[in-house]
Participant: 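Have a look at the structure that comes next, please.
Nothing here was measured: the structure is a model prediction, and the numbers come from that model. Labels below follow one simple rule: chain letters A, B, ... track the order of the sequence lines, proteins then strands, and each chain is numbered from 1.
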Amino acid sequence: MIDHELELVSLDELRSTLDVYAGPEDPRERPKKRRLRGFRRVVPATVAVVALIGAGVGIADGFGAFDGIGAAQHPRTGVDALDSKTLAGLQNACPNGTVEKFYRPECHLMINSARLVGLVASFGNIYVVTDTRGDLCTFFEGGDGSCGPPLSSSHPITFGTINRSSTEGGTFIASGLAADGVAYVSFTVGGNAVDVPVKNNVWVYSEPDSHATTARCVAAHLDDGSTVNPFPGLPCP
Amino acid sequence: MTMEESSAVALLASRASEGDSCALNELLAELRPSVVRTTRLIVGAGSWAAEDAAQEALLDISRGISGLHDPMAVRGWAMRVATNRALRIARRERLLRFRNALALEDLQQPADGKGRQAALKHAFDSLPPRLRATAVLRLQAGLSEDETADALGCSVGAVKSNLHDARKRLTRLLGDAGYAPTVKQARGELR
């Protein structure tokens, strides 16, 4: 008599087949497309490229992406181009051909949208850049920075932290963008309350020899005296 | 995974959800193998669409981490995010009849050539995406029935039913390709 279960493909066989085809732990990248050949393909390709360039120029020169960020709302000029140190830092964080390029914010930047918004002592140039995912990013010289969704009244600031050696004690940096009308950003780090003034729509805080990796109790304080808590997921301790 | 390992991943998830970019990178490196393989198998290993889906699943996780409420549940959450992405792409690809598929031969053929395993893989790729997802989550990702139900947003009963349905369909498809339902039967051990 045939057991009913034996009439079906076994779970073990199905499992081992799936294991065989599961493949490597990194996704593959599509190879670059071959150069288009022939007039009939060149024409639509040219139209598409012109349209894309037009759209890119529109985004780069338009202020839409920088609505509410006065320091970035100016026509792009030569001084807005990322300096070589920042560019090198970003390229180092997002080398071609690595899987990281797909989920690291640095790998989605629209470099040609960059606006220089100011110079902060010990950090150098500060840039604001849009990315292909619709986020806004702030970078300071060397390529460190943060990205976040576009600013709004409920989220008037972006917020990111980094500490490259929190175990041994490294420099903790918190930074982000702030919309027009935000006077300062406050948060707690390592149990201490910190107020960071906003200058040119950017705020940056650094703390040497720190074991901190994040901050809590983040609030944006507006010129009119009101306060917005944009990150309820970072409650006050 | 040990309790200590789970706690370490949860700590990374907690830090990543609070904006720590270093922790996010470490967390993604930790989750990447299971996310990539699960997504790839649900969409159809060997197609560029599957590789794209795996990348997009990692991107979804990277972007959604700030909304993670329970860091201890980060693995289940990541599998749910990846499965949702994979199912969306698998359904689209099914409509396109795999127009963009068949490009990565090393992920289509096992090292020992074609035969029964290749036929089973081909049959698997022709299953409805939800049945594929159920089988991959249970058998390859190693999720429990409860975890699989959570990832798919269905009941445990539906998970059991999906897996049984998948095996029935695979058996029929293997039969159509000239193979017995089980290896034992093929070897003549079943009478």
Side-chain angles (χ1 to χ4, degrees), chain A residues 1-3 5-31 93 99-108 133 135 144-149 158-166 170 174 176 212-216 218 231 233-234, chain B residues 15 17-25 28 32-34 36-41 45-46 48 50-56 58-59 61-63 66-67 69 104 106-108 110-111 116-117 120-121 123-124 135-136 138-140 163-164 166-168 170-171 174 181-185 190-191:
Chain A
M1 180 179 173
I2 296 175
D3 185 300
E5 186 71 8
L6 288 177
E7 292 177 338
L8 299 179
V9 168
S10 78
L11 291 176
D12 283 344
E13 184 183 14
L14 185 50
R15 182 182 290 116
S16 67
T17 299
L18 293 176
D19 285 344
V20 165
Y21 288 100
E25 65 181 55
D26 288 332
R28 306 284 181 83
E29 285 186 51
R30 284 180 189 259
V99 66
E100 278 79 11
K101 70 180 287 189
F102 295 98
Y103 54 79
R104 287 185 69 107
E106 300 94 317
C107 304
H108 298 270
R133 305 184 296 181
D135 283 352
D144 281 336
S146 62
C147 296
T158 63
F159 177 79
T161 63
I162 190 165
N163 187 343
R164 295 200 188 284
S165 48
S166 57
T213 56
T214 189
R216 295 194 166 274
V218 182
F231 306 107
L234 299 174
Chain B
R15 285 168 46 194
S17 68
E18 293 167 353
D20 182 340
S21 55
C22 293
L24 177 59
N25 286 337
L28 289 170
R32 194 165 65 210
S34 54
V36 167
R37 288 174 177 145
T38 297
T39 312
R40 179 183 285 136
L41 285 169
W48 283 118
E51 301 303 305
D52 291 348
Q55 291 157 6
E56 287 173 27
L58 288 168
L59 194 56
I61 290 167
S62 155
R63 295 204 75 190
S66 59
H69 295 299
L104 289 161
D106 59 325
L107 288 183
Q108 290 171 29
R116 182 184 174 89
Q117 199 163 53
L120 184 53
K121 196 294 186 165
F124 186 80
V136 171
R138 285 287 288 125
L139 303 178
Q140 217 282 323
L163 192 55
H164 188 73
R167 293 171 68 195
K168 275 202 309 191
L170 289 173
T171 302
L174 271 183
T182 69
V183 179
K184 278 186 176 179
Q185 280 183 324
L190 192 68
R191 279 181 276 275

Participant: Using 0.5 Å steps for rounding, measure from the OG atom of A/Ser16 to the CG atom of B/Leu139.
Facilitator: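 Going from OG on A/Ser16 over to CG on B/Leu139, the span is 10.0 Å.
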
Participant: Less than 4.5 Å to any heavy atom of chain A: does that hold for the side chain of B/Ile61, its backbone, both, or neither?
Facilitator: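 For B/Ile61, neither part sits under 4.5 Å from chain A.
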
Participant: What part of B/Leu170 lies closer than 4.5 angstrom to a heavy atom of chain A: side chain, backbone, both or neither?
Facilitator: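 Both the backbone and the side chain of B/Leu170 come within 4.5 Å of chain A.
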
Participant: Does the side chain of B/Arg116 come within less than 4.5 Å of A/Glu13's, by heavy atoms?
Facilitator: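 Yes; the side chains approach each other to less than 4.5 Å.
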
Participant: Just wondering, do B/Leu41 and A/Tyr21 contact through their side chains at under 4.5 Å, heavy atoms?
Facilitator: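 Result yes, sub-4.5 Å side-chain heavy-atom pair found.
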
Participant: For A/Ser10, which atoms come within 4.5 Å of any heavy atom of chain B: side chain, backbone, both, or neither?
Facilitator: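 When you check distances to chain B, only backbone atoms of A/Ser10 fall under 4.5 Å.
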
Participant: At a heavy-atom distance under 4.5 Å, which candidate from B/Ala135, B/Ser66, B/Pro33, B/Ala53 has the highest pair count against chain A?
Facilitator: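 Most pairs with chain A among the choices: B/Pro33.
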
Participant: Are the side chains of B/Asp52 and B/Gln55 in touch, meaning some heavy atoms are under 4.5 Å apart?
Facilitator: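 A side-chain contact under 4.5 Å exists here.
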
